[in-house]
Amino acid sequence: MVKEELYITVPSVFRCPISLDVMKSPVSLCTGVTYDRSSIQHWLESGHDTCPATMQVLPSKDFVPNLTLHRLINLWVQSSTLRPGSDSPRLLLATSPVISEVQAKLLMEKIESESCVDSLTKVAEFVSCSEENGRSIVRFGDSIEIIASVLRRKCVEIKALEMAVRILDLILSENGVKERLNKLILESSQENDFLSSIVLILQNGSLNPKTEAIRVLDSIALDSESKRRIAESQNLIYVLVHLLKSNDNEPLNDAVVSFLTNVSITRSIKSQLIQNGAVEILSSSLTEKSLKMLAVLCTCPEGRSAISSDPKCAAGIVERLLKVSKTATEDAVLVLWSVCCLRKDEKVKEEVVKGNGVTKILVVMQREGEGNVRIMCRDLVKALRAGCKDWSLGSYETRTTHIRPC
């Protein structure tokens, strides 16, 4: 005969906040929070002088038995075990997280030790359970500094680096985290160690940690100086362009393109991207993010030259012109204007005309009110009229002055 097992959900008030087990000997601190005696004794004997749940400094480390709760737990256990036809039931902690908040805070302290993979993994699981868990970690003392310190160490396991990046990625949206991380990394003498760890993840890490690492990088690129320093260090441009070239994971590629667009603020950074083949890669997959990055690259002569030299680029942009959002349409028009009107590349003009570009540009122009995009469309139609004999367009002077090429 098969014996049926009985599972019972434990009321949350019966669980110790530290161990998450049903309390055998509940005792209360002066803060009013109740713990299992063995758990709180271990906490206090480890040198702590705070309440684990509230992190309040304890004026007294004395605790008193919570007899009422003890009696309620005993009654609950007896009623559970004496049900007809059941043996001793298994207690099911169905709604509890992998670890408690108190345990997460204890693990944060352990992360500062050399061997920290297990602690980081458990904290990452805790933070991923809910936004409130992430906020509790951010509120915990020097949590950002502790996690970032893992990325500044040398000879650390790749798994530890991945878990540290995952935790940071999960808490980036919390108030002040990006600014603290920016100041911590870029205003210290260990900037290169941090960026070296990020590059190591990008080269040897798993897929998701690579995406998370790029988002963390993007989050600390808050101003022109930080963008320049990040982009020009640790051969990062080469590594990221190689990532674009070697994988077809959409979330990862989107993160890479967004980051590169964000940090492409100087001609030297743009030139590095172009020299490493960014235009050819972007042209092969013209997403809206790709169009945004091409619009950035076309503001320098090297970018316009690379776009003109790629036979797929202009044709692909014309094909996408009426199929993307308003912002992406503006980016596409800017790229076409740059190569047809600034660079005056005749081959590109022919490709645009062949792709029914004049008609599409006119449609865009009709949809636009007075503004830079409309002016660029008028310039384009004028520049393309020689390649489309059916159009008889009068001459006019361009009023496009908003673009200042490098």
Side-chain angles (χ1 to χ4, degrees), residues 223-224 227 254 257-267 269-270 273-274 278-279 282-283 285-308 310 313-346 348-388 390-406:
D223 51 41
S224 297
K227 291 175 183 180
D254 282 350
V257 173
S258 293
F259 170 73
L260 291 175
T261 302
N262 183 29
V263 299
S264 296
I265 60 170
T266 67
R267 182 170 177 175
I269 295 172
K270 296 171 189 175
L273 286 165
I274 294 159
V279 169
L282 294 169
S283 300
S285 178
L286 284 170
T287 65
E288 295 199 1
K289 292 183 185 294
S290 300
L291 289 171
K292 171 64 69 178
M293 187 169 170
L294 287 171
V296 171
L297 296 179
C298 76
T299 59
C300 69
E302 298 93 334
R304 294 190 287 274
S305 176
I307 292 168
S308 298
D310 190 325
C313 193
I317 292 173
V318 171
E319 198 275 330
R320 295 278 291 157
L321 196 54
L322 299 178
K323 301 177 181 178
V324 292
S325 67
K326 186 177 186 297
T327 300
T329 298
E330 293 172 0
D331 293 328
V333 169
L334 174 56
V335 176
L336 293 176
W337 179 86
S338 297
V339 291
C340 293
C341 300
L342 279 184
R343 184 174 170 79
K344 300 179 180 179
D345 191 295
E346 296 301 326
V348 173
K349 292 180 186 178
E350 290 176 11
E351 289 297 322
V352 173
V353 172
K354 286 179 183 177
N356 198 26
V358 176
T359 302
K360 292 181 178 182
I361 291 166
L362 284 170
V363 171
V364 174
M365 187 167 68
Q366 288 175 343
R367 293 192 312 204
E368 294 292 328
E370 289 299 324
N372 291 330
V373 176
R374 185 179 178 87
I375 295 171
M376 284 190 289
C377 287
R378 290 170 57 190
D379 288 353
L380 277 166
V381 172
K382 178 182 176 181
L384 296 170
R385 71 186 187 279
C388 190
D390 295 334
W391 290 94
S392 178
L393 301 174
S395 63
Y396 60 92
E397 293 299 319
T398 177
R399 294 186 291 114
T400 308
T401 58
H402 70 289
I403 301 293
R404 290 184 173 85
C406 300

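Positions are given from 1 along the sequence.
With contacts defined as side-chain heavy-atom distances shorter than 4.5 Å, the pair V318/L336 qualifies. Side-chain contact check for E288 versus T327: every heavy-atom pair is 4.5 Å or farther apart. Side-chain contact between R367 and V373 is absent, with no heavy atoms from C-beta onward closer than 4.5 Å.
Other residues, nucleotides and ligands contribute over 12 non-hydrogen atoms within 6.0 Å of the NZ atom of K360.
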### Task
Could you walk me through whether T299 and S338 pass side-chain contact (heavy atoms from CB on, under 4.5 Å), step by step?
CA-CA 7 Å; T299 59; S338 297; over 6 Å; no
#### Entry: Pair I269-K227, side-chain contact (heavy atoms from CB on, under 4.5 Å): steps then yes or no
CA-CA 10 Å; I269 295 172; K227 291 175 183 180; over 6 Å; no
### Task
Please lay out, stage by stage, how L380 and V333 fare under the test side-chain contact (heavy atoms from CB on, under 4.5 Å).
CA-CA 9 Å; L380 277 166; V333 169; 4.2 Å; yes
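Between the side chain of R304 and the backbone N or O of V339 there is no donor-acceptor pair closer than 3.5 Å. A donor-acceptor pair under 3.5 Å is absent between the side-chain atoms of S305 and the main chain of P301, judged by distance alone. With hydrogens and angles ignored, the 3.5 Å screen pairs a side-chain donor or acceptor of R320 with a backbone N or O of L286. Between the side chain of R374 and the main chain of G371, no donor-acceptor pair closer than 3.5 Å is present.
Interatomic distance, L321 CG to I361 CD1, rounded to the nearest 0.5 Å: 6.5 Å. Rounding to the nearest 0.5 angstrom, the gap separating the OG atom in S283 from the CG atom in D310 is 4.0 Å. Taken from NZ in K289 to CG in D331, the straight-line distance is 11.5 Å, to the nearest 0.5 Å. Note that CE of M365 is 13.0 Å distant from CE of M376, once rounded to the nearest 0.5 Å. Taking CG of L334 as the start and NZ of K292 as the end, the distance is 9.0 Å to the nearest 0.5 Å. In this structure, CD on E330 lies 8.5 Å from OG on S325, to the nearest 0.5 angstrom.
Across L291 and V324, no two heavy atoms sit closer than the pair CD1-CG1, 4.3 Å. The two residues V352 and A314 come nearest to each other via the heavy atoms CG2-CB, 4.4 Å. Closest heavy-atom contact between A332 and I317: CB-CG2, 3.6 Å. The two residues A383 and C340 have their closest heavy-atom pair at CB-O, 4.2 Å.
Residues satisfying the side-chain hydrogen bond (donor to acceptor under 3.5 Å, both in side chains) criterion with T287, sequence neighbours excluded, are S290. Shown here are the side-chain hydrogen bond (donor to acceptor under 3.5 Å, both in side chains) partners of S308, two or more places apart in sequence or in another chain: R343.
A donor-acceptor contact closer than 3.5 angstrom is absent between the side chains of K270 and S264.
With respect to V257, the side-chain contact (heavy atoms from CB on, under 4.5 Å) criterion is satisfied by exactly one of L260, D254, T261: T261.
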